[in-house]
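Naming: A, B, ... by sequence-line order, numbering from 1 per chain. Any value given below was found using the heavy atoms of this structure, including those in side chains, with hydrogens, waters and symmetry copies removed.
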There are 4 protein chains.
Amino acid sequence: MINVTIKNGERIRRKQDQLCRGAMKACVKKGFHATSMREIADAAEISLGSIYNYIEKKEDILFLLHKDFLGRIYRRLDESAENFDDPTRQLFNAIREVFRLTSELRDQALFIYTETKSLSKEYLQEILKNESEFVSKIETLITNGMDAGVFKCKNPSILANFIAFSFAIIPLRGWNLLVKNTEDDVVNEWIDLFSLRLNVESVSDDLNRGPNRMGK
Amino acid sequence: MINVTIKNGERIRRKQDQLCRGAMKACVKKGFHATSMREIADAAEISLGSIYNYIEKKEDILFLLHKDFLGRIYRRLDESAENFDDPTRQLFNAIREVFRLTSELRDQALFIYTETKSLSKEYLQEILKNESEFVSKIETLITNGMDAGVFKCKNPSILANFIAFSFAIIPLRGWNLLVKNTEDDVVNEWIDLFSLRLNVESVSDDLNRGPNRMGK
Amino acid sequence: MINVTIKNGERIRRKQDQLCRGAMKACVKKGFHATSMREIADAAEISLGSIYNYIEKKEDILFLLHKDFLGRIYRRLDESAENFDDPTRQLFNAIREVFRLTSELRDQALFIYTETKSLSKEYLQEILKNESEFVSKIETLITNGMDAGVFKCKNPSILANFIAFSFAIIPLRGWNLLVKNTEDDVVNEWIDLFSLRLNVESVSDDLNRGPNRMGK
Amino acid sequence: MINVTIKNGERIRRKQDQLCRGAMKACVKKGFHATSMREIADAAEISLGSIYNYIEKKEDILFLLHKDFLGRIYRRLDESAENFDDPTRQLFNAIREVFRLTSELRDQALFIYTETKSLSKEYLQEILKNESEFVSKIETLITNGMDAGVFKCKNPSILANFIAFSFAIIPLRGWNLLVKNTEDDVVNEWIDLFSLRLNVESVSDDLNRGPNRMGK
DNA sequence: AATGAATGAGAATTCATTCAT
DNA sequence: CATGAATGAATTCTCATTCAT
């Protein structure tokens, strides 16, 4: 994907990881453009020249950051969904889990959401494809529930998008929301909203707000 | 707020407006950092040197763009709400109208939403205050309905935030949503979602999806 | 030709001239690549940033240097040829004059001859076109003499190229030639060589080696 | 001359040869400065680090390239001259042979001629000494002919320089000359020119343009 | 007030050379 | 000896801001 001078693939992965961690730390504060390669190098503890053994150009870092971040989000969605068989629990538990992750990574999420636009066309397309797949996964969780007769939904595609979009609310509007509310208040409100729309008779409280990872 | 050398207030406002229109045109394409003052000057048809009679530094332009954009959004909310007395119509008509405006100004909205972070602390606070007031206005529309006994809502503050947040979905996720759906599909889905949550018995279709600006 | 931000055409010419003089001074010593933009800026007494108001990229300077240098050479050829009507005097006087100029500008000529290769394709083509015209001009001087019956020559094109080429000998091999000989020795030898080949019965000494610019 | 860490002289020579071949291939395309050590290493199929066992610094490569190239040219001159006893045949056959070699190695010759200037003083002196010896060799061929009474020449030193210089015409001006002429046209023209100057009564055609290497 | 040329600090990137393995 | 990753000085170029006209 990214053309580099280094031959050892394992080393590339290791260093790009190191680079990502440092770059994220540095970029979150000031945004991508405003963060110089020197600052990234310092934060990643890789020498300035060395960075260019693992990337071709600064923008590659932004791309890596996106891939890395989205990867973590998607993995959380997958893993959360695997914990339940019941479609209702499966969906809403996954929502809760991903929501918690984006809240936890609030600054990083804000950074990613606002810097996607800075990607060049080629990279943007790849990232948007990733995001599409993420939405599709949510849509599948919805249609599974519909097939099982527990959800009613006219347009699962739109709802899946809404759900994916809802994960951004703490990063984007936490400055206002969290003044009077906790993250849990917010996610519960979303879940109530979506469960109403899915015509779920009773997302029983122990289920909806119960402890995480209750196992199957 | 912005310290300028010019005395004539009216002239300042006129030129800053001209500057805004040009700057928005120029910045929407490439983002704020990537747009040079020269490009902004060209787009605004003001000479490069002259710009600095009306602003102090480049960031001032970003601030002006935010103020200008948010002003237009808020004005739309106000004007829409004034068209109805009935709280249900008042709220949902306003949602529809503002939604349509952000969809229409999709590129500008995306620009504003993603560049807010670039504002310096001082400016950011002012912009966030504006946004808070916007959310408060929505919250008032909700509580009015509650007082009138037509809405039920446990936490109007969160819901108002959700509604404000929902306006961003076309700018931020239109690339995915609008592949299979129209803007109207999307706004109707939001309205259904929110009306369900507000326990509105029947947002009758002629009301909910009726023609715009039907007058009182 | 070169895209610049400055509008005033006269100013562009003036500054590009200033830039050329400085750049030539700086580049002659170390070659084009080894001379940094900062050194050029210092030599030209133009600030580093200002230079980029009058060129787009460093290579433009090399192109300007070529154009400027070749222009001076060609002008000398034209002016010299105008001084005589007699084809023999016309040709050999011009040779002598141009030869003297390239000897005088020995360092600059060496620089130009050895850095032509560094030009990008587009610029190279334009410069080579210039050079072609220069050779054609010499060829015309030869064919004029042939038409007048004073020169005999099987292949004026090759000979014109030889003559053009011969101007480079002092810049390129002066380090060896000028150990034992003067520039005049060298040019006289060339002239003898070429006049023999043109079958000129007697390039009388007063003509051949006589004072410069004797008028018509 | 070049200080290296390796002891084994034979190995040094072998690797430097390999380096030369690769470096020439790589440098001819873009010039010496524009060719990175990595590119040279790749072209020579020697690892980047290993190169520095056989040279001290990049410039050493340029020096080696010069030595190698000039060596080939000089060897051709020597060998060609050995093929004949007759001074006329000896000189003009040698000219033809060397001319053909520089034409054949046109790109390499152009590279060498234009990059000599990039050598540092120390190396430059050694290369120029080599070139001096080359010219002296030609001068000897001329004075031999004069001693034998077949050449008349006032200044063999200048003429020898002219001859040496003439070998550069295809590399330097082939782009123009070879549009209308063949290499043989060009060399024959030079030979005619020089033979006229040497007062050779008749460089008979079979001799002058006859087959190469006709043996003694 | 308007203009647009001048400025130089700072950006990304390259690359010869070194050095640990 | 061979390898190739690491280094950071140096390079070109950009651009917000200033300032003379």
Novice: Between F:dC15 atom P and A:His33 atom NE2, what is the distance in whole Å?
Specialist: 10 Å
Novice: Whole-Å distance between F:dT18 C1' and B:Glu56 CD?
Specialist: 14 Å
Novice: Would one find a side-chain N or O of B:Asn53 under 4.0 angstrom from OP1 or OP2 of E:dA2?
Specialist: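 The answer is yes; a side-chain N or O of B:Asn53 sits under 4.0 Å from OP1 or OP2.
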Novice: Taking CZ from C:Arg14 and C1' from E:dA5, how many angstroms apart are they, rounded to a whole number?
Specialist: 11 Å
Novice: Round to a whole Å and report the spacing from CD1 of A:Ile61 to C1' of E:dT13.
Specialist: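 Computing the A:Ile61:CD1 to E:dT13:C1' distance gives 12 Å.
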Novice: Atom CD of A:Glu10 and atom C1' of F:dG4: how far apart are they, to the nearest Å?
Specialist: 17 Å
Novice: Which residue, A:Ile55 or C:Glu45, contacts DNA chain E at a nucleotide closer to its 5' end, judged by nearest heavy atom?
Specialist: C:Glu45
Novice: Just how far is it from atom OG1 of C:Thr114 to atom OH of D:Tyr113, taken to the nearest 0.5 Å?
Specialist: 14.5 Å
Novice: Given A:Leu19, which partner from the list A:Asp68, A:Leu65, A:Ile61 fulfils the side chain to side chain contact (heavy atoms under 4.5 Å, CB included) test?
Specialist: A:Ile61
Novice: If you round to the nearest 0.5 Å, how far is CD1 of A:Ile46 from CD1 of A:Ile55?
Specialist: 9.5 Å
Novice: With nearest nucleotide decided by heavy atoms, which residue, B:Ser50 or A:Thr5, maps closer to the 5′ end of DNA chain F?
Specialist: A:Thr5
Novice: Out of F:dT17, F:dT12, E:dT3, which has the shortest distance to the side chain of C:Ser36?
Specialist: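 The nucleotide sitting nearest to the side chain is F:dT12.
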Novice: Using a 3.5 Å limit on both distances, find every run of at least three consecutive Watson-Crick or G-U pairs that involves DNA chain E.
Specialist: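 Counting only runs of 3 or more consecutive pairs, the stems involving DNA chain E are E:2-21 with F:2-21.
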Novice: Check for me whether D:Lys58 meets the cation-pi criterion with D:Phe32, that is, NZ or CZ under 6.0 Å from the six-membered ring centre and within 45 degrees of the ring axis.
Specialist: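 Yes, a cation-pi geometry.
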Novice: Is D:Arg11 near enough to F:dC1 that one of its side-chain N or O atoms lies under 4.0 angstrom from OP1 or OP2?
Specialist: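 Checking D:Arg11 against F:dC1: at least one side-chain N or O falls below 4.0 Å of OP1 or OP2.
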Novice: Measuring from the side chain of D:Leu48 (C-beta onward, heavy atoms only), which nucleotide among E:dG10, E:dA6, E:dT17 has the closest atom?
Specialist: E:dT17
Novice: Please give me the minimum heavy-atom distance between A:Leu119 and A:Tyr123, naming the atom from each residue.
Specialist: CD2-CB, 4.0 Å
Novice: Ion pair present between B:Arg38 and B:Asp42, side-chain N to carboxylate O less than 4.0 angstrom?
Specialist: no
Novice: Which of the following nucleotides, F:dT3, E:dG8, E:dT17, is nearest to the side chain of D:Ser47?
Specialist: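 Nearest nucleotide to the side chain: F:dT3.
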Novice: When the distance from NZ of A:Lys58 to C1' of E:dG10 is rounded to whole Å, what number comes out?
Specialist: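 Between C1' of E:dG10 and NZ of A:Lys58: 12 Å.
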Novice: Select from D:Tyr54 and B:Gly49 the residue whose nearest nucleotide in DNA chain F is closer to the 5' end of that strand.
Specialist: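 Nearest nucleotide further toward 5': that of D:Tyr54.
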Novice: Name the residue from D:Lys25, D:Lys29, D:Lys30 that meets the salt bridge (charged side-chain N to carboxylate O under 4.0 Å, His left out) definition with D:Glu39.
Specialist: D:Lys30
Novice: Send over the distance from A:Glu59 CD to E:dT13 P, rounded to a whole Å.
Specialist: 10 Å
Novice: Between C:Lys15 and E:dA5, is there a side-chain N or O to OP1/OP2 distance below 4.0 Å?
Specialist: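 Answer no for this pair, as no side-chain N or O of C:Lys15 is under 4.0 Å from OP1 or OP2.
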Novice: Atom NZ of B:Lys57 and atom C1' of E:dA9: how far apart are they, to the nearest Å?
Specialist: 19 Å
Novice: Is A:Tyr52 close enough to E:dC15 that one of its side-chain N or O atoms is under 4.0 Å from OP1 or OP2 there?
Specialist: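 No, because none of the side-chain N or O atoms of A:Tyr52 sits under 4.0 Å from OP1 or OP2 of E:dC15.
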Novice: Where do D:Asp60 and D:Lys57 land on the salt bridge (Lys or Arg N to Asp or Glu O under 4.0 Å) test, with the steps shown first?
Specialist: CA-CA 6 Å; D:Asp60 295 346; D:Lys57 50 194 187 305; 3.2 Å; yes
Novice: Could you check whether A:Ile6 gets within reach of a base, just the sugar-phosphate, or nothing at all, counting any heavy atom under 4.0 Å?
Specialist: sugar-phosphate
